[in-house]
Visitor: 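Shown below is the structure under consideration.
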Amino acid sequence: MEARKIEEGLECIKAAEKSMKTTLLKWRPDYDVAADEYTKAATCFRLGKHYEQSKDCHLKAADCHRQNRSLFHAARSLEQAILICKEMGDIRSVAELADKACTWYQQQGSPDAAAGVLDKAAKIIEQQQPSEALQLYRRAADVVSIEDNARQGAEYVSKTARILVKLKMYDEAADAIRREIGLHQQSENIPAIGRLAVALVLVQLARGDTVAAEKAFKEWGNCCDAPEVQTLEMLLQAYDEEDPDSAKRALNSSFIKHMDVEYARLARDLTLPEPTVVGPPPASVRPNAAPSYVSPRASSQEPLPNDKSSSQNQEGDDEFSLC
């Protein structure tokens with residue numbers, strides 16, 4: 001069956017190449033027929049498990065659609081090429097293809113499809129290429145923000161923030177969480193804001209900025225549930241008092257463990273506060289100091305008390321001899 005599908009694919013390629021030729025009576029290539037034949041050939045090669053040829057045919061079909069000024073169908077062909085890359089296990093060109101397809105969808109006036117192809121591509125490469133996936137999610141968030149779709153924008157910004165936490169880029173992660181909170185404010189999603197307040201406190205503690213963590217809690221803590229408020233108060237007090245045991249108990253709370261995986265791991269790996277040990281001040285010794293002054297008289301030995309008594313006994317003997 002595979003050999004038969006490959007033969008069918010080769011026949012479709014011949015038909016596509018024939019429709020692209022011009023003659024005296026045919027001044028313009030027939031891009032519609034060529035695109036259809038290339039698409040059929042790509043399907044045949046995929047069934048025949050010749051993925052590289054299938055991808056190449058999808059790219060040629062996309063170019064034919066572009067030449068025919070049908071950018072929507074051109075983007076759909078690029079989207080199919082991305083799926084072939086996934087089946088091949090070769091994701092090097094996924095981000096580039098998704099970016100081009102997004103541009104063509106936008107030019108055709110389909111922002112939802114543009115954001116969707118970026119989302120699909122980012123999911124494919126997120127594990128192996130998180131930095132590239134981060135850029136795709138950021139662009140997807142920008143695309144839907146143009147259409148004032150706060151809910152969809154918050155979803156893409158959330159994925160951006162989680163990747164930033166995974167990459168330990170905590171400054172940018174804090175900015176992304178604040179942006180996500182702003183989008184949830186537009187849709188009045190209070191529970192989501194409360195969960196993000198906890199995430200923002202954890203990120204600020206990971207940055208080593210307890211003041212910013214307390215500020216985040218004061219600003220958004222009123223959106224948290226009662227157990228979340230108690231846990232955050234215990235956590236911030238533990239860091240303020242440098243109490244590692246209390247901080248560990250707060251970080252082991254159930255709702256923190258059931259947060260998104262990236263935030264749960266962040267809480268698990270968070271550096272606990274260490275108590276400050278105040279010891280005696282070190283002795284002040286000047287380096288290369290001159291030796292202490294010693295008087296010359298101190299070197300002469302003074303008569304000891306025993307020597308004085310012996311001298312008195314000797315004087316008494318002299319007086320007795322004179323008598």
Side-chain angles (χ1 to χ4, degrees), residues 1-10 12-13 16 34-66 70-108 110-144 149 152-153 155-167 260-262 265:
M1 178 180 178
E2 293 180 1
R4 183 168 57 85
K5 288 296 180 182
I6 292 173
E7 291 179 1
E8 291 180 8
L10 293 175
C12 292
I13 289 178
D36 290 339
E37 294 296 334
Y38 278 128
T39 302
K40 292 177 183 178
T43 303
C44 292
F45 286 129
R46 182 178 62 82
L47 294 175
K49 297 183 179 180
H50 280 217
Y51 298 116
E52 190 66 38
Q53 289 179 291
S54 177
K55 173 186 173 183
D56 185 61
C57 288
H58 279 303
L59 295 179
K60 289 180 179 180
D63 186 64
C64 290
H65 285 303
R66 182 185 62 83
S70 178
L71 295 181
F72 183 87
H73 291 91
R76 291 294 297 271
S77 296
L78 292 182
E79 199 167 347
Q80 293 299 317
I82 291 173
L83 297 178
I84 295 297
C85 290
K86 179 183 177 181
E87 292 187 30
M88 292 171 57
D90 184 9
I91 60 174
R92 291 173 296 178
S93 59
V94 168
E96 181 182 358
L97 293 175
D99 192 68
K100 185 182 294 185
C102 174
T103 300
W104 286 350
Y105 275 133
Q106 283 185 292
Q107 291 178 357
Q108 198 68 20
S110 302
D112 293 336
V117 68
L118 293 173
D119 184 33
K120 293 177 183 177
K123 289 178 180 178
I124 294 173
I125 66 175
E126 184 174 353
Q127 295 298 326
Q128 300 180 22
Q129 297 177 351
S131 299
E132 297 291 338
L134 174 64
Q135 300 303 324
L136 295 179
Y137 282 133
R138 280 177 169 171
R139 185 176 180 186
D142 293 338
V143 168
V144 296
N149 191 342
Q152 193 70 27
E155 180 180 348
Y156 292 137
V157 174
S158 175
K159 294 178 180 180
T160 300
R162 294 199 297 269
I163 293 180
L164 289 169
V165 170
K166 183 179 180 180
L167 296 176
D260 291 326
V261 176
E262 291 78 10
R265 290 177 179 173

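This structure is a prediction, so every number in the text was calculated from the model and none was measured.
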Visitor: Which atom pair, heavy atoms only, marks the closest approach of A98 to L118?
Guide: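 Closest heavy-atom pair between A98 and L118: O-CD2, 3.8 Å.
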
Visitor: Within the 4.5 Å heavy-atom criterion, are R139 and D99 side-chain neighbours or not?
Guide: yes

Visitor: E8 vs K5, test: salt bridge (Lys or Arg N to Asp or Glu O under 4.0 Å). Steps then yes/no.
Guide: CA-CA 5 Å; E8 291 180 8; K5 288 296 180 182; 3.7 Å; yes

Visitor: So does D63 pair up with R66, basic N to acidic O under 4.0 Å?
Guide: yes

Visitor: Any salt bridge between D119 and K159, counting N to O under 4.0 Å?
Guide: yes

Visitor: Measure the spacing between CG of L10 and CD of Q53 and express it to the nearest 0.5 Å.
Guide: 6.5 Å

Visitor: What I'd like to find out is whether the side chain of K123 reaches to under 4.5 Å of the side chain of Y137, using heavy atoms alone.
Guide: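 Contact flag for K123/Y137 side chains = yes.
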
Visitor: Quick check: closest heavy atoms across A42 and C57, and the distance to 0.1 Å?
Guide: CB-CB, 3.7 Å

Visitor: Might you confirm whether atom NZ of K166 has over 12 heavy atoms from other residues, nucleotides or ligands at distances under 6.0 Å?
Guide: yes

Visitor: In Å, rounded to the nearest 0.5 Å, how long is the span from SG of C85 to CG of D90?
Guide: 6.0 Å

Visitor: I125 versus L136: any side-chain heavy-atom pair under 4.5 Å?
Guide: yes

Visitor: Salt bridge check, K60 against D56: does any charged N sit closer than 4.0 Å to a carboxylate O?
Guide: yes

Visitor: Apply salt bridge (Lys or Arg N to Asp or Glu O under 4.0 Å) to K120 and list each qualifying residue two or more places apart in sequence or on a separate chain.
Guide: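 Checked K120 against salt bridge (Lys or Arg N to Asp or Glu O under 4.0 Å); matches are E79.
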
Visitor: Within the 3.5 Å criterion, strictly below it, is a donor on R76 or S70 matched to an acceptor on the partner's side chain?
Guide: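 Side-chain D/A pair, R76 to S70: absent.
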
Visitor: If you compare all heavy atoms of G48 against all heavy atoms of I6, which two are closest, and at what distance to 0.1 Å?
Guide: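 In this case the closest contact between G48 and I6 is O-CD1, 4.2 Å.
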
Visitor: Looking at side-chain heavy atoms only, is the closest gap between E87 and S54 below 4.5 Å?
Guide: no

Visitor: Provide the full list of ring pair (Phe, Tyr, Trp, His ring centres under 6.0 Å) pairs with a residue in residues 81-107, sequence neighbours left out, each pair given once.
Guide: F72-Y105

Visitor: Rounded to the nearest 0.5 Å, what separation is found between the CZ atom of R92 and the CD atom of Q128?
Guide: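 If we round to the nearest 0.5 Å, R92:CZ and Q128:CD are 11.5 Å apart.
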
Visitor: Kindly compute the distance separating CD (E37) from OG1 (T39), expressed to the nearest 0.5 Å.
Guide: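 If I round to the nearest 0.5 Å, the distance is 9.0 Å.
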
Visitor: So which heavy atom on H58 is nearest to which on S77, and how close?
Guide: O-CB, 3.6 Å

Visitor: Does the side chain of Q80 come within less than 4.5 Å of L83's, by heavy atoms?
Guide: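 With C-beta onward as the side chain, the pair touches.
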
Visitor: Kindly compute the distance separating OG (S158) from CD1 (I163), expressed to the nearest 0.5 Å.
Guide: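 Interatomic distance, S158 OG to I163 CD1, rounded to 0.5 Å: 10.0 Å.
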
Visitor: For residues A61 and A35, report the shortest heavy-atom separation together with the two atoms involved.
Guide: CB-O, 3.8 Å

Visitor: Can you tell whether the side chains of E7 and R4 come within less than 4.0 Å, N to carboxylate O?
Guide: no

Visitor: What pair of heavy atoms forms the shortest contact from A81 to L59, and how long is it?
Guide: CB-CD2, 4.1 Å

Visitor: Is any side-chain heavy atom of Y51 closer than 4.5 Å to a side-chain heavy atom of R46?
Guide: yes

Visitor: Using 0.5 Å steps for rounding, measure from the OG1 atom of T103 to the CG atom of L71.
Guide: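 Going from OG1 on T103 over to CG on L71, the span is 10.0 Å.
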
